[in-house]
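Quick note on labels: first sequence line is chain A, next is B, and so on, each numbered from 1.
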Number of protein chains: 2
Amino acid sequence: MRDAELTRQKILEISADEIHKKGFVATSLSCILVRCEVSKGALYHHFKNKMELGYAVFEEIYTPMFLELWQPAVEVNDPIEGLCDFFTAMYTNSSCDEIVCGCPLNNLCQEMSGVDEGFRLRILNMQQQLNQLIAINLQRVANQLRDDIDFSQVAYFIVSTFHGSSSLSKSSKNKDLFEKVIKELCNYIRNLKSH
Amino acid sequence: MRDAELTRQKILEISADEIHKKGFVATSLSCILVRCEVSKGALYHHFKNKMELGYAVFEEIYTPMFLELWQPAVEVNDPIEGLCDFFTAMYTNSSCDEIVCGCPLNNLCQEMSGVDEGFRLRILNMQQQLNQLIAINLQRVANQLRDDIDFSQVAYFIVSTFHGSSSLSKSSKNKDLFEKVIKELCNYIRNLKSH
DNA sequence: TTACATACCGACCACGCGGTATGTAAATAC
DNA sequence: GTATTTACATACCGCGTGGTCGGTATGTAA
């Protein structure tokens with residue numbers, strides 16, 4: 001056949017890119033169709049409507065992407081240094097555009113949580129997964145850390161700051177502020193160690 | 001006359017509320033007109049277009065509101081405790097809806113920075129003002145603080161975390177996560193003191 | 001009273017959007 | 001070889017939006 005799965009995948013990936021760059025609402029189907037070089041009929045053959053396309057992007061693109069990104073950072077021997085390396089690599093390796101574009105999870109959280117319940121629950125689930133991932137791996141090395149630490153609280157704190165910093169760099173359109181905040185975040189994280 | 005200034009002010013305030021709750025793009029003029037009980041002609045008499053209305057809301061409502069909110073928190077004798085009290089008061093006094101709704105500055109930053117240059121520059125300016133406000137007041141009590149502190153970096157860090165936490169609470173639709181992050185933020189802030 | 005500017009009204013418009021209905025060619029089943 | 005289903009393509013529709021424009025009521029100054 002004309003490889004339906006490939007068509008579907010192409011639509012998903014380009015949609016993911018568009019949604020990441022423009023947000024969900026501002027992303028127009030016609031724009032996706034042009035980039036994919038498929039017709040509206042093709043899109044509506046694979047997805048019930050725009051919302052379902054959005055959900056599919058979240059589940060099939062963003063979610064695995066996210067876990068693949070964070071897991072190695074935190075499942076390393078020393079998660080403290082793992083996280084610091086991860087964040088540091090982010091502003092040294094990522095282009096300015098990528099950083100200014102922001103994290104898809106945070107972007108969608110800001111845009112869609114209050115508008116659509118389906119998105120909200122998916123986002124919430126992802127955030128909880130991410131939080132557990134970090135909290136568990138910090139607990140794993142609890143003996144090296146200060147003894148007054150609430151692991152879940154610290155995990156949420158780290159993610160909050162990270163998301164806040166990418167939000168901050170949107171208005172300055174460069175990664176200087178992102179770098180500043182991330183550096184301070186590394187200070188904070190390293191300070192979790194007992195000394 | 002029919003008090004043009006009052007009409008203008010009413011449009012500004014209701015627009016500010018709508019933009020805060022729905023975002024700028026999702027805010028429809030017709031909705032504003034209904035709530036204001038004025039005609040489209042009245043609105044376009046006072047504002048050139050939707051964008052200019054948005055700018056006016058930012059400059060005449062959000063900016064002063066923001067400064068009045070943060071200044072007392074940080075211009076107090078002990079800005080460390082001032083900030084902690086400020087944040088703590090935020091999750092004890094604010095309703096769940098208010099917190100979930102998020103900070104107008106952060107919301108607009110996320111939504112409009114990448115789309116419209118006029119918004120971006122106004123937001124950037126506000127962020128820099130806020131950063132200076134915090135940094136200067138921390139420097140004011142530098143003798144009580146650790147001596148390895150980059151004041152600007154710390155100020156950006158604090159605001160980032162604050163904004164990140166309000167973003168976080170959008171998906172959970174309650175203020176528990178907000179509270180968690182803010183508590184950890186207070187731990188961090190108090191830890192700036194030398195001991 | 002005249003002349004004019006300000007403040008406001010409401011009908012109308014073009015546009016782009018998400019979504020649908022109908023048609024058709026390719027692949028599969030029988 | 002034929003029937004049926006799958007995988008698209010295309011033309012079309014209704015709706016809500018920001019924005020315009022001719023007209024009108026209200027105030028002010030000559």
J.: Do other residues, nucleotides or ligands put more than 12 heavy atoms under 6.0 Å from the CG atom of B:Asn77?
T.: no

J.: Write down the distance between CG (B:Leu43) and P (D:dG19), rounded to a whole number of angstrom.
T.: 10 Å

J.: Nearest whole angstrom, please: distance from the P of D:dC8 to the CD of A:Glu37.
T.: 14 Å

J.: What is the separation between atom CG on A:Asp3 and atom P on D:dA7, rounded to the nearest whole Å?
T.: 10 Å

J.: For DNA chain D, list all stems, counting runs of three or more consecutive pairs where every pair is Watson-Crick or G-U wobble with both distances under 3.5 Å.
T.: C:1-30 with D:1-30

J.: Distance check needed: C:dT6 C1' versus B:Arg8 CZ, whole Å only.
T.: 15 Å

J.: Return each pair, listed once, that meets ring-ring contact (aromatic ring centres under 6.0 Å, His included) where at least one residue sits in residues 7-32 of chain B; pairs must be two or more places apart or across chains.
T.: B:Phe24-B:Phe119

J.: Whether A:Lys183 and B:Asp150 form a salt bridge (side-chain N of Lys/Arg under 4.0 Å from carboxylate O of Asp/Glu) is what I want to check.
T.: no

J.: Give, ordered by number, those residues of residues 107-123 of chain A having at least one heavy-atom distance below 4.0 Å to an atom of DNA chain C; if nothing qualifies, reply none.
T.: none

J.: Mind checking ring-ring contact (aromatic ring centres under 6.0 Å, His included) for B:Phe86 and listing every partner two or more places apart, or none if nothing turns up?
T.: B:Trp70

J.: What integer distance in Å separates B:Lys10:NZ from C:dC8:P?
T.: 10 Å

J.: Expressed as a whole number of angstroms, how long is the span from A:Ile11:CD1 to D:dA7:C1'?
T.: 11 Å

J.: N/O contacts under 3.5 Å, protein versus nucleotides 17-21 of chain C?
T.:
from, atom 1, to, atom 2, distance (Å)
C:dC17, OP1, A:Ser28, OG, 3.4
C:dC17, OP2, A:Ser30, OG, 3.4
C:dG18, OP1, A:Thr27, O, 3.3
C:dG18, OP1, A:Lys50, NZ, 3.0
C:dG18, OP2, A:Leu29, N, 3.0
C:dG18, N7, A:Lys40, NZ, 3.3
C:dG19, OP2, A:Tyr44, OH, 2.8
C:dG19, OP2, A:Lys50, N, 2.9
C:dG19, O5', A:Tyr44, OH, 3.4
C:dG19, N7, A:Lys40, NZ, 3.1
C:dG19, O6, A:Lys40, NZ, 3.0

J.: State whether B:His45 places a side-chain N or O below 4.0 Å from either non-bridging phosphate oxygen (OP1 or OP2) of C:dA7.
T.: yes

J.: For C:dC8, does either OP1 or OP2 sit under 4.0 Å from a side-chain N or O belonging to B:His46?
T.: yes

J.: Send over the distance from B:Leu53 CG to D:dT17 P, rounded to a whole Å.
T.: 15 Å

J.: Under the criterion side-chain contact (heavy atoms from CB on, under 4.5 Å), which of B:Leu29, B:Ile61, B:Leu53 is the partner of B:Ser15?
T.: B:Leu53

J.: Do A:Asp97 and A:Lys21 meet the salt-bridge criterion of a basic N to acidic O distance under 4.0 Å?
T.: no

J.: Does the side chain of B:Phe58 reach to within under 4.5 Å of the side chain of B:Thr63, using non-hydrogen atoms?
T.: yes

J.: Please report, rounded to the nearest Å, how far the P atom of D:dT17 is from the CD1 atom of B:Ile32.
T.: 11 Å

J.: Under a plain distance cut-off of 3.5 Å, with no hydrogens placed, do B:Asn131 and A:Lys180 share a side-chain donor-acceptor pair?
T.: no

J.: Check for a donor-acceptor pair, side chain of A:Ser113 on one end and backbone N or O of A:Gln110 on the other, with a separation under 3.5 Å.
T.: no

J.: Give a yes/no on whether any side-chain N or O of A:Thr7 is located under 4.0 angstrom from OP1 or OP2 of D:dC8.
T.: yes

J.: Apply ring-ring contact (aromatic ring centres under 6.0 Å, His included) to B:Tyr188 and list each qualifying residue two or more places apart in sequence or on a separate chain.
T.: B:Phe157

J.: Would you indicate whether B:Glu117, at its atom CD, is surrounded by more than 12 heavy atoms from other residues, nucleotides or ligands within a distance under 6.0 Å?
T.: yes

